[in-house]
S.K.: 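One structure, as structure tokens, below. Some questions next.
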Amino acid sequence: MITLVLPDGATRIVPLGTPAHEVVLSIGKGLLKASIAVAVDGVVQDLSTPLRKDGKFVVITEKDPRALDVLRHSGAHILATAVRRLRPDAKIGFGPAIEDGFYYDFEVAHPFTPDDLAAFEAEMRKVAAEKYPFVREEVSQAAAKKRFADDPLKLERLQDFEGSDEIISTYTDGPFTDLCKGPHVPDTSYLKHFKLLHAAGAYWRGDEHRQMLQRIYATAFFKQEDLDAHLHRLEESKRRDHRVLGKALDLFMFHPFAPGAAFWTEQGTTLMNTINEFMRELQRDDYKEIMTPLLYNKALWEISGHWGVYKDNMFLVHDKETGENDFALKPMNCPSHHLLFASKKHSYRELPLRYTTFDVLHRNEISGALSGLTRVRQFRQDDCHVYLMESQIAEEVQRLTQFILGYYATFGLSATLKFATRPAERVGTDEMWDTAERGLKQALDATGLPYAMKEGDGAFYGPKIDFDVTDSIGRHWQLGTIQLDYSQPERFDLSYTGEDNHAHRPVLIHRAVSGSFERFIAILIEHFAGAFPVWLSPEQVRVLPIADDLAPHAAEVTAKLRAAGIRAHLDTRSETLNYRIREAETMKVPYMAVIGKREAEANTLAVRERGAGKKQEVIALDAFIARVTGEIRSRALPAPVTADAGVAS
RNA sequence: GCACGCAUAGCUCAGUCGGUAGAGCACCCCCUUGGUAAGGGGGAGGUCAUCGGUUCAAUCCCGAUUGCGUGCUCCA
């Protein structure tokens, strides 16, 4: 017998192996109808699975977030059922529920076309209508092997269980049986609101050396309105896509002659420079900004170790005197910073010494990885290397952490911290890692901030703190990083003179705040949907004289705005006011200053704010200048950044 | 890198079941001098990504190349 405790404290004592649905029925008939699955001590299982353990018994209905995973996993089986009916030759791989839906991998002779997807979706509706129950069976390894004799991928999976006491189960819905641990919804008719999204290649088990399968991505919900909302969200992110907005707002472009490297227009350059200047200002007092060469002899990369492991990702440059490709563009700044550091003697009094740089870096990413501004081959990092004594680590890490979080906050971005510890492949002794991890952890604890652990995810030379940023539509980006490194100071034989007049090895911290300016700008574009705060906007005020004869006055106004440090532009084209307002709105200029006869005479402006519609405010020129310069100085954020902020419908 | 898809005017896209192309916006000119999201008219603009093949004929079919897009261990 096993004992189940219901949420209200009541208990049910039932024979071992009783199917869950019997227990649910004993609670209520209506509940059984509404139930999708159950959880025993948090472990989700389906209604037909025999109960084997005592524990807290919770019935999962549509309202439980875990129900969606069950539905989606069943959706994957229904997808496979449909594919097998139409393409009996398809071999099946994995078909899990994922964050926003599910997928299923198939091995087929001919990849799927969009028409195939439409046919599969139609077939899935039939399978759902046929209301096949999901029947669970528990089988022996031998029986399973026999059953999946024609499915080599499943056989490979079965191999993993050889010798383990794992219960092997299969699920059958109508004509289709899959090796699966469940859980599933009771029958196929539960899948009502779903959509196949796209197909793409995916390596079997993510291994590029294995065969490529065809993966079909799909999503499913319990309610049509949830599905609609999800599809709407997808549309919304497409509209915010920095590649689309970058073109629409004329910020940057790419050219086939320079794949993976952005061209910045004057607007985009202004944006880039504004962000760069902000960082420069923050680092003015405690950092030493330096510039180092972009191109180095391989001798440097041999010392740093890049020539051995990273060479394929570097752009090599031919030297006409040696006739060899023995120069390379730098993929990171650290080695060059070390050369500068090592060029003279340093006292312990100088530490922590912080070198910061904005140099251009090149990494030869594989072509398939390139994507807009988020994965490029040429980029600039807000890079910093701190040379310090071991005793200074805690304070420095706290300082850098506050710096990074403060920087994000200026843009209305929040971040969570992740502490990544020693990876399997690493350099240095265990003792060194103990010291480094302890030091970093103490420093992190001292900040009082919550953080998640990422065991084994550190850099090969040291543990690190990663900053995971959430944008206005809830997407996550890994941006900043603080990495502790005992290895490079060793390789580059770095030293400082201590109080004891002896040479000591400094510890190194690598720090990046935005990862790269390119990627950060991509995130900002999507975060703000192109409607940047005033201080970031490439164009802050557009001056619009109503008629031609007001142009001279408008030009004076523009000059005054510019003299005050405001990025103002004058639009005197002989177009209607409506036309010019529309264009300024489309380009997401934060302020439109309209000048008619009345304003010219009173030296005022009829100010329209971006996105505020017809609402206008007549304000004295001086007052307007004070307001805008104030917003620029304080780097004010626009009214709460919401999911729809500034997105034209 | 690999699988699939896409590439037509500056942009967004139609189109040609093989007979060398069209719209809207943008651009230029003219009229309009306007009060808060498109005033009206006219014009210019394309070796249909590149190279090769098939064909009487290719932007369209086939192949290659380049670029871009989706994706490439959230496990049975």
Side-chain angles (χ1 to χ4, degrees), chain A residues 69 73 76-77 92-103 105 107-108 110-114 116-117 144 148 151 153-161 166-171 178-182 197-217 238 241 243-244 247-248 250 253-260 312 364-372 544-551 572 574-587 592-599 606-616 618 648-649:
Chain A
D69 283 345
H73 185 197
H77 279 231
I92 47 177
F94 291 154
I98 54 174
E99 195 174 328
D100 282 319
F102 60 90
Y103 66 75
D105 286 341
E107 187 176 13
V108 283
H110 303 288
F112 302 131
T113 65
D116 288 332
L117 288 203
F148 295 100
D151 276 303
L153 304 177
K154 293 288 172 188
L155 289 178
E156 184 177 331
R157 179 63 183 139
L158 271 172
Q159 206 67 47
D160 298 343
F161 302 135
E166 185 91 22
I167 294 169
I168 296 172
S169 58
T170 64
Y171 277 83
D178 200 352
L179 178 68
C180 175
K181 96 181 143 195
L197 298 172
H198 53 261
Y203 293 106
W204 169 235
R205 300 206 146 174
D207 183 345
E208 60 182 318
H209 302 297
R210 304 296 303 269
Q211 68 269 46
M212 179 156 282
L213 310 179
Q214 294 300 313
R215 175 170 298 178
I216 296 176
Y217 282 90
K238 243 190 231 164
D241 189 320
R243 294 166 299 192
V244 174
K247 199 173 268 179
D250 195 22
M253 67 153 206
F254 287 91
H255 192 279
F257 289 169
D312 282 350
N364 198 355
E365 303 284 352
I366 55 175
S367 58
L370 301 179
S371 178
L544 301 168
I546 289 176
D548 289 349
D549 57 346
L550 296 162
T572 55
S574 289
E575 298 287 353
T576 57
L577 182 61
N578 274 347
Y579 178 92
R580 289 176 289 154
I581 290 275
R582 180 186 146 81
E583 191 180 272
E585 286 280 3
T586 308
M587 298 307 284
M592 286 146 271
V594 177
I595 301 179
K597 223 180 202 156
R598 297 197 291 271
E599 288 77 20
V607 174
R608 172 179 167 133
E609 269 187 67
R610 169 182 62 199
K614 282 189 196 306
K615 216 166 48 183
Q616 58 161 312
V618 179
S649 51

S.K.: Determine the interatomic distance between P on B:G15 and the same-named atom on B:C4; round to the nearest Å.
M.R.: 25 Å
S.K.: Would you find a donor on one side and an acceptor on the other, under 3.5 Å apart, between the side chain of A:Thr572 and the backbone of A:Ala551?
M.R.: no
S.K.: Should A:Lys597 be listed as having a side-chain N or O under 4.0 Å from OP1 or OP2 of B:G35?
M.R.: no
S.K.: Quick one: side chain to side chain contact (heavy atoms under 4.5 Å, CB included) partners of A:Pro111, sequence neighbours excluded?
M.R.: A:Gln214
S.K.: Just verifying a value: how many Å separate A:Asp151 CG and A:Ile92 CD1, rounded to the nearest 0.5 Å?
M.R.: 4.0 Å
S.K.: Could you tell me whether A:Arg210 and A:Glu156 make a salt bridge, using a distance below 4.0 angstrom between a side-chain N and a carboxylate O?
M.R.: yes
S.K.: State which residues pass salt bridge (Lys or Arg N to Asp or Glu O under 4.0 Å) with A:Arg243; sequence neighbours excluded, sorted by chain then number.
M.R.: A:Asp241
S.K.: What integer number of Å spans the P atoms of B:A76 and B:U16?
M.R.: 45 Å
S.K.: Using a 4.0 Å heavy-atom cut-off, write out nucleotides 59-69 of chain B from 5' to 3' as B (base contacted by protein), S (sugar-phosphate only) or - (no contact).
M.R.: --------SSS
S.K.: Using a 4.0 Å heavy-atom cut-off, does A:Ala584 contact any base of the nucleic acid, only the sugar-phosphate backbone, or nothing at all?
M.R.: nothing
S.K.: B:U70 C1' sits how many Å from A:Gln214 CD, rounded?
M.R.: 12 Å
S.K.: Please list, chain by chain and in numerical order, all residues satisfying side chain to side chain contact (heavy atoms under 4.5 Å, CB included) with A:Ala200, sequence neighbours excluded.
M.R.: none
S.K.: With C1' as the reference atom in both, quote the distance from B:G19 to B:C31 in angstrom, rounded to an integer.
M.R.: 42 Å
S.K.: In dot-bracket form, 5' to 3', how is RNA chain B paired? Count Watson-Crick and G-U wobble pairs only if both distances fall under 3.5 Å, and write | where the partner sits on another strand.
M.R.: (((((((..((((.....[..)))).(((((.......))))).....(((((..]....))))))))))))....
S.K.: Measuring from the side chain of A:Pro111 (C-beta onward, heavy atoms only), which nucleotide among B:A3, B:G35, B:U33 has the closest atom?
M.R.: B:A3
S.K.: How long is the line joining CE of A:Met587 and C1' of B:C11, in whole Å?
M.R.: 12 Å
S.K.: Atom CG of A:Leu544 and atom P of B:U36: how far apart are they, to the nearest Å?
M.R.: 13 Å
S.K.: Is it the case that the base of B:G35 and the side chain of A:Glu599 share a donor-acceptor contact (distance under 3.5 Å, atom types as modelled)?
M.R.: yes
S.K.: Detail all sub-3.5 Å separations between protein N/O atoms and N/O atoms belonging to nucleotides 38-41 of chain B.
M.R.:
from  : atom 1 : to       : atom 2 : distance (Å)
B:A38 : N7     : A:Arg582 : NH1    : 3.4
B:A38 : N6     : A:Arg582 : NH2    : 2.6
B:A38 : N1     : A:Arg582 : NH2    : 3.2
B:G39 : OP1    : A:Thr576 : OG1    : 3.2
B:G39 : OP2    : A:Thr576 : OG1    : 3.1

S.K.: Can you check the distance between B:C25 and B:C2, where both ends of the measurement are the C1' atom (answer in whole Å)?
M.R.: 39 Å
S.K.: Could you list the residues that satisfy side chain to side chain donor-acceptor pair (under 3.5 Å) with A:Gln159, not counting sequence neighbours?
M.R.: A:Glu162
S.K.: Restricting to side chain to side chain contact (heavy atoms under 4.5 Å, CB included), what partner residues turn up for A:Asn364, sequence neighbours left out?
M.R.: A:Phe315, A:Arg377
S.K.: When you measure from the side chain of A:Arg580 to the backbone N and O of A:Pro545, does any donor-acceptor pair fall under 3.5 Å?
M.R.: yes
S.K.: Whether the side chain of A:Arg608 and the base of B:A37 hold a donor-acceptor pair under 3.5 Å is what I'd like checked.
M.R.: yes
S.K.: Which value, in whole Å, describes the distance between the P atoms of nucleotides B:C60 and B:A49?
M.R.: 8 Å
S.K.: With sugar-phosphate meaning primed atoms plus P, OP1 and OP2, does A:Lys615 contact a base, only sugar-phosphate, or nothing at under 4.0 Å between heavy atoms?
M.R.: nothing
S.K.: Under the side chain to side chain contact (heavy atoms under 4.5 Å, CB included) test, which residues partner A:Asn578, sequence neighbours left out?
M.R.: A:Thr576
S.K.: May I have the distance from A:Gln211 (atom CD) to B:G71 (atom P), rounded to whole angstrom?
M.R.: 22 Å
S.K.: Starting from P on B:G71, measure out to CZ on A:Phe112 and report it in whole angstrom.
M.R.: 17 Å
S.K.: Determine the Euclidean distance between corresponding P atoms of B:G43 and B:A3; express it in Å to zero decimal places.
M.R.: 50 Å
S.K.: Kindly give the atom pairs (protein nitrogen or oxygen, nucleotide nitrogen or oxygen) under 3.5 Å for nucleotides 72-76 of chain B.
M.R.:
from  : atom 1 : to       : atom 2 : distance (Å)
B:C72 : OP1    : A:Tyr217 : OH     : 3.3
B:C72 : O2'    : A:Tyr203 : N      : 3.0
B:A76 : O4'    : A:Arg157 : NE     : 3.4
B:A76 : O3'    : A:Lys154 : NZ     : 3.0
B:A76 : O3'    : A:Leu179 : O      : 2.3
B:A76 : O2'    : A:Lys154 : NZ     : 3.3
B:A76 : O2'    : A:Leu179 : O      : 2.3
B:A76 : N6     : A:Glu166 : OE2    : 2.8

S.K.: How far does CG of A:Leu153 sit from CG of A:Leu158, to the nearest 0.5 angstrom?
M.R.: 11.5 Å
S.K.: Please report the shortest heavy-atom distance between A:Ala76 and A:Tyr103, naming the atom on each side.
M.R.: CB-O, 3.8 Å
S.K.: Could you grab the distance from atom CZ of A:Arg157 to atom CG of A:Asp160, nearest 0.5 Å is fine?
M.R.: 4.5 Å
S.K.: In whole Å, measure the gap between the P atoms of B:G63 and B:C6 for me.
M.R.: 12 Å
S.K.: Does A:Lys247 have a side-chain nitrogen or oxygen under 4.0 Å from the phosphate oxygens OP1 or OP2 of B:U12?
M.R.: yes
S.K.: Go along nucleotides 44-49 of chain B 5' to 3' and tag each nucleotide: B for a protein heavy atom under 4.0 Å from its base, S when only backbone or sugar atoms are that close, - otherwise.
M.R.: ------
S.K.: State plainly whether the residues A:Lys154 and A:Asp178 are in salt-bridge range, i.e. N to O under 4.0 Å.
M.R.: yes
S.K.: Apply salt bridge (Lys or Arg N to Asp or Glu O under 4.0 Å) to residues A:Arg608 and A:Glu585 and explain how you reach the verdict.
M.R.: CA-CA 10 Å; A:Arg608 172 179 167 133; A:Glu585 286 280 3; 2.8 Å; yes
S.K.: Please give the distance between the C1' atoms of B:A58 and B:U47 as a whole number of Å.
M.R.: 13 Å
S.K.: Just jot down the ring-ring contact (aromatic ring centres under 6.0 Å, His included) partners of A:Tyr203, sequence neighbours excluded, or say none.
M.R.: none
S.K.: Give me the one residue out of A:Arg215, A:Met212, A:Arg205 that meets side chain to side chain contact (heavy atoms under 4.5 Å, CB included) with A:Asp105.
M.R.: A:Arg215
S.K.: Give the rounded distance in Å between these two atoms: NE2 of A:His198 and P of B:G5.
M.R.: 15 Å
S.K.: So which atom in A:Leu550 and which in A:Ile546 form the shortest heavy-atom distance, rounded to 0.1 Å?
M.R.: CD1-N, 4.1 Å
